[in-house]
Amino acid sequence: MNKHSGNRTAIDPAALEMSIASATEALLGYRRADGHWVFELEADSTIPSEYILLRHYLAEPIDVVLEAKIANYLRRTQGAHGGWPLVHDGPFDMSASVKSYFALKMIGDSVDAAHMVKAREAIRARGGAANSNVFTRFLLALYGTVGWRAVPVLPIEIVLLPIWSPFHLNKISYWGRTTIVPLMVLAALKPRAKNPWAVDIEELFLQDPKSVGMTPKAPHQSWCWFLLFRGIDCILRVIEPLLPKKLRERAIASALAFTEERLNGEDGMGAIYPSMANIVMMYDALGKDEHFPPRAITRRAIDKLLVIGEVEAYCQPCLSPVWDTALTCHALQEAGGANAVAKAKQGLDWLKPRQVLDVKGDWAVKAPGIRPGGWAFQYNNAHYPDLDDTAVVVMAMDRAQRHVGSKEYDTAIARGREWIEGMQSRDGGWAAFDVNNLEYYLNNLPFADHGALLDPPTEDVTARCISMLGQLGETAQSSKAVADGIAYLRRTQHAEGSWYGRWGLNYIYGTWSVLSALNVAGIDQKDPMIRKAVEWLVSIQSRDGGWGEDAISYRLDYKGYEHAPSTSSQTAWALLGLMAAGEVEHPAVARGVKYLKSTQTEDGLWDEQRYTATGFPRVFYLRYHGYSKFFPLWALARYRNLRSTNV
């Protein structure tokens, strides 16, 4: 007998309806005037720290008020261990701590202040700033703190390599591509930060910073591949200065052409902070002043990422309006009611013209015969549409028009479906932005110590694409794409019954995604893989009725579920997964619903400080401020709807 089977909890239908109504009203209150939703997207302390360091790198006029607010944010997020974590209440992270300390010192915090002493001691006790990751080392090299021998060689001539070469820009992820191209120009020119106050952080090192050599092998890297690439790096250090000047000029010109084709206006290349910051520094190194149009427009794009409150401020890694709007529309459609459905319809109408129909982005290099038809994650990012977003938008549009019996989204749905079907990788899975990005050996490059240089297929995105195709009427019998996708999911299920969550934290997210897909695709709910997944979800429910999972679950030596305090979004995922598997009457579901009702605040929403989403596993996590607003509503409304159907 399951340990929860005796805890049957009656859910008062009237009280449940009040919870749903309150959450719906609160969610509608966040709607923008033009009909869309966008919530804050918070990462760790590294992005706001880098923002401060970028301003001082460029010697921009000091904004005392803004810097004070960012300093307040950095001081508040400092951990009890003295350093800065990657997630709320997480363990010490060296690179986040080094950048945060550097930023606070740059802002003007005294090195003798208690929080700075505590941070410095924590950093030095763990081997000092020499243990920072590659990206942090590049920043420190640009500031002149460490020498260029502390970072991998990145010859700009790489941009000229043919597609058949072992390394090519289109063999790495879009985020790697857009970040590395301007960074290679910086590595070629080796500029020095203006740093008008001459602030340094030598005190964070246990040795002369200039003596710091290359990074050691990362835990995910193979010794054979690592040693091969380290040998190549040593050879490149010798020959790079000897490369013909004309070749270097041609390579820089090619990098600039790549950048300016994808500049993306005030949304920035790739619409992510790291590439934008590198572009601004690149143009500065090339002698282009702050009025040079590509530099100026990218600099404005960076400031659009700021969240400025009365006391604190921070810089977001990117913006998430398409994702937020599409998921909000799903929650409102589930909640129902004339007003909620009408507002969801307006949200979908806002999304419709943002479908990318006329730009063949970088994905087309490996899928040249496919027409574009996806949606990006951000307001504008035409070169890099997102399969996950596209599937979620298509499903919301399909549900909306089924509700009223219209065909107004048929064309948009058809193009989105066509693009997603064409982007299936040869292993049967789907990735977030690319197709067949399967060159796993590249994660052994010295530059790839983060282990996220690629964008391979993942269980969660595959599940979303199958969900979309299933909702549009396909099954494993009618569609090879669905059959291959389900086979991929069968292969990737863990022995415990869970599936990995690449973009949400973690196995709870992946398992919800897959169970939803299997349900829509018509897989028998008695199928052993579904039963095993249900057993796993039920087994990890917390005593309070909720579900939570820690970021440490991304550890390379994962041995099983990693407990964390319950959160509203992870509880909602678990509930949606169990209900998709036909378990609406399971006592664990009733307990989860009770948890959500009991933790709902007076304003109809849920407080959630923990990070439940993922940028790069083990390296970079995200807190979507919208997740605690629409996912719990979605789960409660689904529960009500299924119970009313079963009565």
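In this chain, residues are counted from 1 in sequence order. Worth knowing before you read on, the calculation uses all heavy atoms, side chains too, and leaves out hydrogens, waters and symmetry mates. Remember, it's a predicted structure, so these values are computed and weren't measured experimentally.
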Polar side-chain atom of Asn72 near backbone of Val311 as donor-acceptor pair, under 3.5 Å: yes

Between Thr612 and Thr567, do the side chains contain an N or O donor and an N or O acceptor separated by less than 3.5 Å? no

Tyr554 and Thr614: CA distance, side-chain angles, deciding distance, side-chain hydrogen bond (donor to acceptor under 3.5 Å, both in side chains) verdict: CA-CA 10 Å; Tyr554 284 106; Thr614 312; 2.7 Å; yes

Asp460 (side chain) donor-acceptor with Gly510 (main chain) under 3.5 angstrom: no

Donor-acceptor pair between His220 and Asn443 side chains, under 3.5 angstrom: no

With rounding to the nearest 0.5 angstrom, report the CG to OH distance, Leu327 to Tyr624. 9.0 Å

Do any N or O atoms from the side chain of Asp389 and from the backbone of Val393 form a donor-acceptor pair under 3.5 angstrom? no

Ring geometry between Phe447 and His450 (parallel below 30°, tilted from 30 to 60°, perpendicular above 60°): perpendicular

Contact check, side chains of Trp419 and Pro385, non-hydrogen atoms, under 4.5 Å: yes

Determine yes or no for a side-chain-to-main-chain donor-acceptor pair under 3.5 angstrom, with Arg126 supplying the side chain and Ala122 the backbone. yes

Sub-4.5 Å side-chain heavy-atom contact between Tyr440 and Leu454: yes

Does any non-hydrogen side-chain atom of Asp362 lie less than 4.5 Å from one of Phe258? yes

Donor-acceptor pair between Asn380 and Gln378 side chains, under 3.5 angstrom: no

For the residue pair Glu203 and Tyr101, confirm or rule out a side-chain donor-acceptor distance under 3.5 Å. yes

Do Phe616 and Trp175 have their ring centres less than 6.0 Å from each other? yes

State, with a plain yes or no, whether a side-chain heavy atom of Leu228 is found less than 4.5 Å away from one of Tyr441. no

Would a 4.5 Å heavy-atom cut-off, applied to side chains only, mark Phe229 and Ser222 as touching? no

Ignoring hydrogens and geometry, is there a side-chain-to-backbone donor-acceptor pair from Asp550 to Ala564 under 3.5 Å? no

Within the structure provided, determine whether Pro317 and Leu622 are in side-chain contact (heavy-atom separation under 4.5 Å). yes

Quick one, Glu608 with His88, criterion side-chain hydrogen bond (donor to acceptor under 3.5 Å, both in side chains). Give me CA distance, side-chain angles, the key distance, then yes/no. CA-CA 10 Å; Glu608 187 168 289; His88 181 72; over 6 Å; no

Can you see which heavy atom on Lys366 is nearest to which on Asn436, and at what distance? NZ-O, 2.8 Å

So, for Tyr30 and Trp37, is the gap between ring centers shorter than 6.0 Å? no

Can a salt bridge be assigned to the pair Arg555 and Glu562 using a cut-off of 4.0 Å between side-chain N and carboxylate O? yes

Ignoring hydrogens and angles, tell me if any N or O in the side chain of Arg137 forms a donor-acceptor pair with the backbone of Ala150 under 3.5 Å. yes

Can you check whether Tyr379 and His36 have ring centres sitting under 6.0 Å from each other? yes

Could you check if a side-chain atom of Asp44 sits within less than 4.5 angstrom of a side-chain atom of Asp93, using non-hydrogen atoms only? no

Donor-acceptor contact below 3.5 Å, side chain Asp63 vs main chain Leu66: yes

Hey, is Arg502 close enough to Glu459 for a salt bridge, meaning N to O under 4.0 Å? no

For Glu439 and His168, run side chain to side chain contact (heavy atoms under 4.5 Å, CB included): C-alpha distance rounded to whole Å, both residues' side-chain angles, the deciding distance at 0.1 Å, then the answer. CA-CA 10 Å; Glu439 292 84 357; His168 187 273; over 6 Å; no

To the nearest 0.5 angstrom, please state how far the OG1 atom of Thr178 sits from the OH atom of Tyr384. 6.0 Å

Could you tell me whether a side-chain N or O of Asn437 sits under 3.5 Å from a main-chain N or O of Lys171, the two making a donor and an acceptor? yes

Output field: ring centroids Phe102/Tyr143 closer than 6.0 Å: yes

Kindly indicate whether the side chain of Tyr73, heavy atoms from C-beta on, has any atom under 4.5 Å from the side chain of Glu42. yes

Side chain of Lys99, backbone of Ile47: donor and acceptor closer than 3.5 Å? no

Taking Glu312 for the side chain and Gly309 for the main chain, is one N or O donor matched with an acceptor at less than 3.5 Å? no

Between Ser95 and Asn133, is there a side-chain donor-acceptor contact under 3.5 Å, judged purely by atom types and distance? yes

